[in-house]
**Q** 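Handing you this structure, nothing more for now.
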Amino acid sequence: MSEETKDRPSHFIRDMIAADVAAGKNGGQVVTRFPPEPNGYLHIGHAKAICIDFGMAQEFGGRCHLRMDDTNPAKESMEYVENIQRDIRWLGFDWGDHFYYSADYFERMVECAVKLIRMDMAYVCELTQEQWKDYRGIPTQPGRESPFRNRPAEESVALFARMRAGVFPDGSLCLRAKIDMASPNLHLRDPVLYRILRMPHYLTGDAWVIYPTYDYAHPIEDAIEGVTHSLCTLEFEVHRPLYDWVVQTLGFDPVPRQTEFARLNLTYTVMSKRKLLELVQGGQVAGWDDPRMPTLCGMRRRGYPPAAVRAFCDAVGVTKYESLTDVALLEHCVRDELNRTATRRMAVFDPLKVVIDNLPADAPAAFGIPNNPEDPAAGTREVPFGRTILIEREDFMEEPPKDFFRLAPGRAVRLRGAGFLTCTEVVKDASGRVVELHGTWQPMTEKVKVKATIHWVPEAGARQVEVRLYDRLFRVEDLSATPEESDYRDFLNPDSLKTVTAFAEPSIAGAQPGAAFQFERIGYFCADEKDSKPGAPVFNRTVTLKDAYAKAQGRR
RNA sequence: UGCCGGAUGGUGUAAUGGUAGCACCGCAGACUCUGGAUCUGCUUGUCUAGGUUCGAAUCCUAGUCCGGCAACCA
C-alpha cells in the first residue's frame, strides 16, 4: 500500500482486495477497469467510481483499464470518448496503454456466442418483444419457455449467421442464453445476448447489424482483459449471477469477480446523464461544462481543483448504503485545497469611493502584499496606492450595530497591507445615499488598534472585470424526494447565476485562463478558461469564503 | 405479498463479541493584517422487539422501513 493511502480509513472493497492479494489470488495481481458508455459527460458520481477503480489498482500495484462500453450505438459518439479521456486525465489518473473499446471484442464475442449455441446454452429466438414480455413472466411467477428454445443448435448457428449478415429486420430475431425460465432472478430467464440493430456505430460504422447486450459483453470484456476485480454500482447487483454464468459457461479461467458499491448522490443536484443532457439541450445551462453542472468539465471550469475532488471522493467512503452526501462536504474539500494554493488578490464588488485627505507626499505609491499568507514561497505583488481608493460598500455603516467591526464615522480600520484608514466625513447625494467617504490615513508602523481589516482597490488603475456568481443549480436538497408528478426542472434555482462587474487590483489583468484566486474576504474565483481574453480575464466564482458575520446576520 | 441489497448523530463514515470514534454541518470560545484559515470545546447516534453472552452496533429469531430488479439500455 502506498504512503499516500496508508492512513485512509479502509472500506469493504479495499479489505476484500487486500485479502485476495494476501491469499495469492490471481497471482497477487490486481486489475480493475473503468467502463463508461460514451453517451454523455462524466460527472462527480463517475469521479467516485474512477477514484475507486484507478485508486485500488494504484494502491495494490496493479493497473486500471479504461474501456468504452459501447455496445449500444444509439447515443454514443467520439466526442464523448474524447471528453471522457480528457476528464479522467484532469482528475489525475492514467490508464497507460490500456485503453479499449467493447467494439474491439465484437468478433470474439460472436465466436463465444457460437460456442454457447453449440454447448446448447443459447438459441435464436423469434418471439417478438411483446410475446416475450408475456413468456418472461413476472417476479412472483415463473416464465414459460420460448417455443424456439429447443431448436437444433446448428439451426441456431445458421440463423445467427444470417442475423449477422443482415437478412432479418431489426428486432425480429435475437440470440438468447438458455438458462432458467423459472429463476426468481429475472435476469436469468433466458436473457438476450444479441439483438439486431441497424444503426451506425461511431467506431465500426455499418460493419455490424447485430450488437451484444451489456450483460453478455461486459463479463467477456473483463475476462479477456484479465480484469481481476470488476467494480460497479449497486444496480448491477442482480446482474451478477448472469455475469458469473457468462464467464463460467464460456470457461474463462481465472474469472473476474464483480463487486458492487453504492453510487454517489449529492444534495442540490441531479446525477443522471439523461437529466444532465436535458438541461444542456433545454438551454437551462450553457453546456456540459457550465460551471453549475456536476460534470467534471463543469467543475473544472468552476475552478474546483482535481485534488479537491479526489479528497472528496476519499471522504465519502465506499459502502453499499445509498446515501445522499451533503454538497457542503465537497465545498469544504474545495476550500481546503484552494486555501493552501490560491493566489490572493483584492477585488471590490460594490464600490464606495474613499478620498484620503491627509495623504503625505512621501506616502508609498504602492504596497507589497503577500500572494498567499498560507504559502510564503508564493511571494508578494505590488498594489498601487493613492489618494482615492475603492472599498466595499458593505464594509461601511453610518450607524453600526455593536457587532459591526468595520468602518464607521470616526472609526478606523486596517486597509489590507496598506496601513490604517479613519473615516472623517460622509458625503451623501440628494436622496441620502452615501456616495463618498473622506478619511485620514496612517502608516502601519503606527499600530492603530482596530477590530477589522478590509480590502480595497486603488481607484486609479482598478480593472473592471466580469464576474459570474454561481450558486447551486437546484433549490431543493433531495431531488429524489420530490413529488412523483413533478419534474426535476421545476426545482431549478432561478438565481444560480448572476453576472456582475467587479473592480480589481491592476495585477488581475495578467490572470491566466484557469488560474485560481482568492479575492480576499469574498471567495475563490478562477479565470474562465473559455471566455477570458489576454489582458481581460473573466471570472467564475468557485465557492464563497465562509462569512461568520453574514451568518450571524442571517440568524437575526 | 418474488428475488437481491441496505439501515450507526442533521449528513457521510469507522468500530468485525470488550470504553460507539472520525469528518462535514451547527453552536461557543481563543487567536488572527482576510469576521477567512488555524486551535479549543460542545450538542446530537447504533431501525424495533425478543434471544445468546460476564459483555452485542457486531451473533440468532421475528418484524419495520428504505433502495434496486419485470429494455432486444448501460
Side-chain angles (χ1 to χ4, degrees), chain A residues 9-11 15 35-37 39 69-72 74-76 125 127-129 132-133 136-143 170-176 183-189 191-197 210-215 217-218 232-241 260 262 267 273 312 315-333 335-336 339-340 344 346 369-370 373-374 403-406 413-420 444 450-455 477 480 518-524 544-552 555:
Chain A
S10 200
H11 53 70
D15 293 345
E37 185 187 12
N39 65 349
D69 220 346
D70 49 13
T71 57
N72 182 1
K75 297 172 195 161
E76 299 162 355
C125 181
L127 250 24
T128 64
Q129 285 187 54
W132 175 252
K133 205 174 161 185
R136 183 186 45 213
I138 56 174
T140 50
Q141 281 167 27
D170 285 11
S172 57
L173 268 61
C174 67
L175 184 72
R176 320 197 90 96
S183 172
N185 183 336
L186 284 306
H187 297 282
L188 259 21
R189 316 242 269 224
V192 171
L193 269 23
Y194 270 95
R195 71 271 209 187
I196 303 174
L197 188 62
I210 56 170
Y211 289 97
T213 54
Y214 165 87
D215 282 321
H218 205 85
C232 62
T233 44
L234 247 29
E235 67 268 30
F236 295 106
E237 211 158 14
V238 279
H239 296 242
R240 195 187 333 131
E260 312 83 13
T267 53
K273 282 198 258 187
F312 170 74
V316 297
V318 181
T319 66
K320 299 186 79 134
Y321 176 68
E322 281 224 46
S323 56
L324 176 63
T325 299
D326 192 338
V327 73
L329 179 59
L330 211 208
E331 292 176 346
H332 162 79
C333 293
R335 288 192 187 98
D336 191 48
N339 177 49
R340 281 196 298 272
R344 268 58 169 183
M346 292 191 288
I369 301 178
E374 305 285 324
D403 63 346
F404 183 85
F405 305 147
R406 286 108 92 166
V413 292
R414 188 182 352 253
L415 292 175
R416 178 65 156 158
F420 301 92
M444 52 191 117
V450 293
K451 292 187 81 171
T453 297
I454 66 170
H455 60 280
E477 201 169 55
S480 74
Q518 182 196 105
F519 290 162
E520 292 209 51
R521 305 208 307 128
I522 306 279
Y524 295 100
T544 60
L545 236 35
K546 288 191 178 176
D547 186 344
Y549 180 74
K551 191 184 282 178
R555 278 202 304 272

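Labels below follow one simple rule: chain letters A, B, ... track the order of the sequence lines, proteins then strands, and each chain is numbered from 1. A quick note: this is a predicted structure, and the numbers were derived from the prediction, not measured.
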**Q** Which nucleotide sits closest to the side chain of A:Phe405: B:U13, B:G35, B:A74?
**A** B:G35
**Q** Please give the nucleotide sitting opposite B:C27 as a Watson-Crick or G-U wobble pair, both distances under 3.5 Å, or none.
**A** B:G41
**Q** If you look at every heavy atom in A:Ile138 and A:Arg189, which pair is closest and at what distance?
**A** O-NH2, 2.8 Å
**Q** Would you mind classifying the nucleic acid contact of A:Glu322 as base, sugar-phosphate or nothing, using non-hydrogen atoms under 4.0 angstrom?
**A** sugar-phosphate
**Q** Look through every strand shown and name the nucleotide pairing with B:G50 as Watson-Crick or G-U wobble, where both distances are under 3.5 Å.
**A** B:C60
**Q** For a side chain to side chain contact (heavy atoms under 4.5 Å, CB included) check, start with the C-alpha distance between A:Thr453 and A:Glu520, then their side-chain angles and the critical distance, and finish with the verdict.
**A** CA-CA 10 Å; A:Thr453 297; A:Glu520 292 209 51; over 6 Å; no
**Q** Give a yes/no on whether any side-chain N or O of A:Thr71 is located under 4.0 angstrom from OP1 or OP2 of B:A74.
**A** yes
**Q** Heavy atoms from C-beta onward define the side chain here; which of B:G12, B:U34, B:C72 lies closest to that of A:Thr325?
**A** B:G12
**Q** Looking only at heavy atoms, which two atoms of A:Asp215 and A:His239 are closest? And how far apart?
**A** OD1-ND1, 2.6 Å
**Q** Contact class for A:Leu330 vs. all strands (heavy atom < 4.0 Å): base, sugar-phosphate, or nothing?
**A** nothing
**Q** Compare all side-chain heavy atoms of A:Tyr194 with those of A:Leu173 and state whether any distance is below 4.5 angstrom.
**A** no
**Q** Compare all side-chain heavy atoms of A:Gln129 with those of A:Val192 and state whether any distance is below 4.5 angstrom.
**A** no
**Q** In whole Å, what separates the P atom of B:A20 from that of B:C25?
**A** 27 Å
**Q** For a quick check of understanding: with a heavy-atom distance under 4.0 Å over all strands, which category does A:Gln518 fall into, base, sugar-phosphate or nothing?
**A** base
**Q** Would you classify A:Ser183 as touching base, sugar-phosphate or nothing, given that sugar-phosphate means primed atoms plus P, OP1 and OP2, and contacts are heavy atoms under 4.0 Å?
**A** nothing
**Q** For the side chain of A:Leu186, counting heavy atoms from C-beta on, which of B:A74, B:U11, B:A70 is nearest?
**A** B:A70
**Q** Quick check: any donor-acceptor pair below 3.5 Å linking the side-chain of A:Arg406 to the base of B:G35?
**A** yes
**Q** Once you round it to whole Å, what is the distance between P of B:C4 and CZ of A:Arg189?
**A** 13 Å
**Q** Any donor and acceptor pair, going by atom type alone, linking the side chain of A:Ser323 with main-chain N or O of A:Thr325 inside 3.5 Å?
**A** no
**Q** For the pair made of CH2 in A:Trp132 and P in B:A70, what is the distance, rounded to whole Å?
**A** 14 Å
**Q** Would you confirm whether A:Arg414, through its side chain, and A:Ile454, through its main-chain N or O, come within 3.5 Å as a donor-acceptor pair?
**A** no
**Q** Between B:A23 and B:C31, how far apart are the C1' atoms? Round to whole Å, please.
**A** 23 Å
**Q** Touch check for A:Ile454, heavy atoms < 4.0 angstrom, all strands: base, sugar-phosphate only, or nothing?
**A** nothing
**Q** When rounded to the nearest Å, what value does the distance between P atoms of B:G35 and B:G67 take?
**A** 45 Å
**Q** Can you measure A:Tyr321 atom OH to B:G68 atom P for me and round it to whole angstrom units?
**A** 13 Å
**Q** Based on the glycosidic angle (syn within 90° of 0, else anti), state the conformation of B:A71.
**A** syn
**Q** Does B:C73 have a Watson-Crick or wobble mate here (both distances under 3.5 Å), and if so which one?
**A** none
**Q** If you check the A:Arg414 side chain, which of B:C24, B:C33, B:A74 turns out closest?
**A** B:C33
**Q** When you compare B:G10 with B:U44, how far apart are their C1' atoms, in angstrom units rounded to a whole number?
**A** 8 Å
**Q** Across all strands shown, which nucleotide pairs with B:U13 by Watson-Crick or G-U wobble geometry, both distances under 3.5 Å?
**A** B:G21
**Q** Below 4.0 angstrom from OP1 or OP2 of B:U34, is there any side-chain N or O of A:His455?
**A** no
**Q** Tell me what A:Phe236 touches on the nucleic acid: a base, only sugar-phosphate, or nothing, going by heavy atoms under 4.0 Å.
**A** base
**Q** Does B:C65 pair with anything, Watson-Crick or G-U wobble, both distances under 3.5 Å, and if so, with which nucleotide?
**A** B:G6
**Q** Can you find a side chain N or O atom of A:Arg195 that sits less than 4.0 Å from OP1 or OP2 on B:A74?
**A** yes
**Q** How are the rings of A:Tyr549 and A:Phe404 set relative to one another: parallel (under 30°), tilted (30 to 60°) or perpendicular (over 60°)?
**A** perpendicular
**Q** Tell me whether the side-chain N/O atoms of A:Lys320 come closer than 4.0 Å to OP1 or OP2 in B:G67.
**A** no
**Q** Do the side chain of A:Glu374 and the base of B:G36 come within less than 3.5 angstrom through a donor-acceptor pair of N or O atoms?
**A** yes
**Q** Can you tell me if A:Lys451 has over 12 outside heavy atoms packed within less than 6.0 Å of its NZ?
**A** no
**Q** Just checking A:Glu520: base, sugar-phosphate only, or nothing, at a heavy-atom cut-off of under 4.0 Å?
**A** base
**Q** Between A:Lys546 (NZ) and B:U38 (C1'), how many Å, whole number?
**A** 12 Å
**Q** Work out how far the C1' atom of B:A56 is from that of B:U61, and round it to whole angstrom.
**A** 15 Å
**Q** Let me spell it out: for each of A:Ala328 and A:Gly417, pick the nucleotide of RNA chain B with the closest heavy atom. Which residue's pick is nearer the 5' end?
**A** A:Ala328
**Q** Work out which heavy atom in A:Lys320 is nearest to a heavy atom in A:Ala262; give both atom names and the distance.
**A** C-CB, 4.0 Å
**Q** Roughly how many Å apart are B:A37 and B:U43, using the C1' atom of each and rounding to a whole number?
**A** 24 Å
**Q** Return the pairing partner of B:G35 with a 3.5 Å limit on both distances, Watson-Crick or G-U wobble; otherwise return none.
**A** none
**Q** Does A:Lys551 put a side-chain nitrogen or oxygen below 4.0 Å from OP1 or OP2 of B:G26?
**A** yes
**Q** Select base, sugar-phosphate, or nothing to describe what A:Leu234 touches, counting heavy atoms under 4.0 Å on all strands.
**A** nothing
**Q** May I ask you to say what A:Phe404 touches in the nucleic acid, namely base, sugar-phosphate or nothing, with a heavy-atom cut-off under 4.0 Å?
**A** base
**Q** Select base, sugar-phosphate, or nothing to describe what A:Arg176 touches, counting heavy atoms under 4.0 Å on all strands.
**A** nothing
**Q** Specify the separation, in whole Å, of atom NE2 of A:His11 and atom P of B:U16.
**A** 17 Å
**Q** Which of these nucleotides, B:A23, B:G35, B:C33, is closest to any side-chain atom of A:Leu329?
**A** B:A23
**Q** What interatomic distance, in whole Å, is found between C1' of B:G9 and the corresponding atom of B:G45?
**A** 4 Å
**Q** Name the nucleic acid region contacted by A:Arg136, choosing base, sugar-phosphate or nothing; use a 4.0 angstrom heavy-atom cut-off, strictly under.
**A** sugar-phosphate
**Q** Atom NE2 of A:His239 and atom P of B:G68: how far apart are they, to the nearest Å?
**A** 13 Å
**Q** Starting at CG of A:Asp547 and ending at C1' of B:U34, how long is that distance when rounded to a whole Å?
**A** 11 Å
**Q** Expressed as a whole number of Å, how far does the P atom of B:C60 sit from that of B:G5?
**A** 14 Å
**Q** From C-beta outward on A:Ser323, which listed nucleotide comes closest to its side chain: B:U13, B:A37, B:C33?
**A** B:U13
**Q** Taking atom C1' of B:A74 as reference, at what distance in whole Å does atom NE2 of A:His218 sit?
**A** 9 Å
**Q** With a non-hydrogen cut-off below 4.0 angstrom, is A:Thr267 in contact with a base, only sugar-phosphate, or nothing?
**A** nothing
**Q** Taking for each residue the nucleotide of RNA chain B with the nearest heavy atom, is it A:Val238 or A:Glu37 whose nucleotide lies nearer the 5' end?
**A** A:Val238
**Q** Please classify the nucleic acid contact of A:Arg344 as base, sugar-phosphate, or nothing, using heavy-atom distances under 4.0 Å.
**A** base
**Q** Any base atoms under 4.0 Å from A:Tyr214, or only sugar-phosphate, or nothing? Heavy atoms, all strands.
**A** base
